[in-house]
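Labels below follow one simple rule: chain letters A, B, ... track the order of the sequence lines, proteins then strands, and each chain is numbered from 1.
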Amino acid sequence: MKGGRSKAGSKNDDKLSVKQKKVKKTKDPNKPKRPPSAFFVFMEGFRKQFKEKNPAVKGVAAMGKAGGDRWRAMSDEDKAQFVTIAEQRKKDYEASMRAYEKKQAGGNDEEESDKSKSEVNDDDEDGSDEGEDDD
DNA sequence: TCGCTGATTGTTCGT
DNA sequence: ACGAACAATCAGCGA
């Protein structure tokens with residue numbers, strides 16, 4: 001979308017590219033997944049609502065159509081909210097991609113795990129009692 | 001029993 | 001610059 005579309009005569013939205021059915025086998029295990037677009041970010045919240053309103057919904061097609069229809073009904077400003085989030089996701093993706101390229105360049109076991117470390121849980125967590133207040 | 005297919009749009013990569 | 005692929009979701013059906 002985005003106002004200026006490169007395609008000049010896109011009068012028909014035929015499903016020219018009807019591929020993507022079976023996701024190709026990504027042979028690159030380190031390849032980071034692509035950041036979710038604003039539409040997907042919106043879908044994250046929409047899925048819950050859709051499930052609540054349509055608990056008997058089956059398949060993703062119904063949700064996809066409903067989501068797409070709702071998405072188009074939204075104003076650019078409303079979508080801007082998700083777009084902003086999507087941008088953050090993209091930023092994070094760039095960082096992941098950087099690590100990915102780094103790995104591709106040279107085999108190093110250094111992953112992008114140097115970011116903020118939630119809790120220093122060295123030992124295997126038991127999970128029985130959640131002690132959020134350590135110390 | 002396991003795994004793919006379907007439908008939506010946006011974004012990103014590759015040529 | 002254009003094209004094509006791929007991101008998540010859930011339940012149903014095929015082999």
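- Rounded to a whole Å, the NZ atom of K90(A) is 21 Å from the P atom of dT9(B).
- The number of heavy atoms from other shown groups lying within 6.0 Å of CZ (R47(A)) is above 12.
- Distance N54(A) CG to dC10(C) C1': 14 Å, rounded to the nearest Å.
- Shown for residues 55-69 of chain A: residues whose heavy atoms fall under 4.0 angstrom of DNA chain B, namely G59(A), V60(A), A61(A), G64(A), K65(A), G68(A).
- Here F40(A) counts as stacked on dA7(C): its ring centre is under 5.5 angstrom from the base ring centre and the planes meet at under 30°.
- In this structure, K51(A) places its NZ atom 18 Å from P of dA8(C), rounding to the nearest Å.
- Using cut-offs of 30° and 60° for the angle between ring planes, the W71(A) and F42(A) rings count as tilted.
- Between dA8(C) and K33(A), a contact under 4.0 Å exists linking OP1 or OP2 to a side-chain N or O.
- Between D76(A) and K79(A) there is a salt bridge, since a side-chain N of the basic residue sits under 4.0 Å from a carboxylate O of the acidic one.
- Nearest approach of A38(A) to A86(A), heavy atoms of both residues: N-CB, 3.6 Å.
- In this structure, F46(A) atom CZ and dA7(B) atom P are separated by 17 Å, rounded to whole Å.
- Rounding to the nearest 0.5 Å gives a distance of 9.0 Å between CZ of R72(A) and CZ of F39(A).
- Put simply, the side chain of R70(A) does not reach to within 4.5 Å of the side chain of F50(A), judged on heavy atoms.
- When rounded to the nearest whole Å, the span between CZ of R47(A) and P of dA7(B) equals 18 Å.
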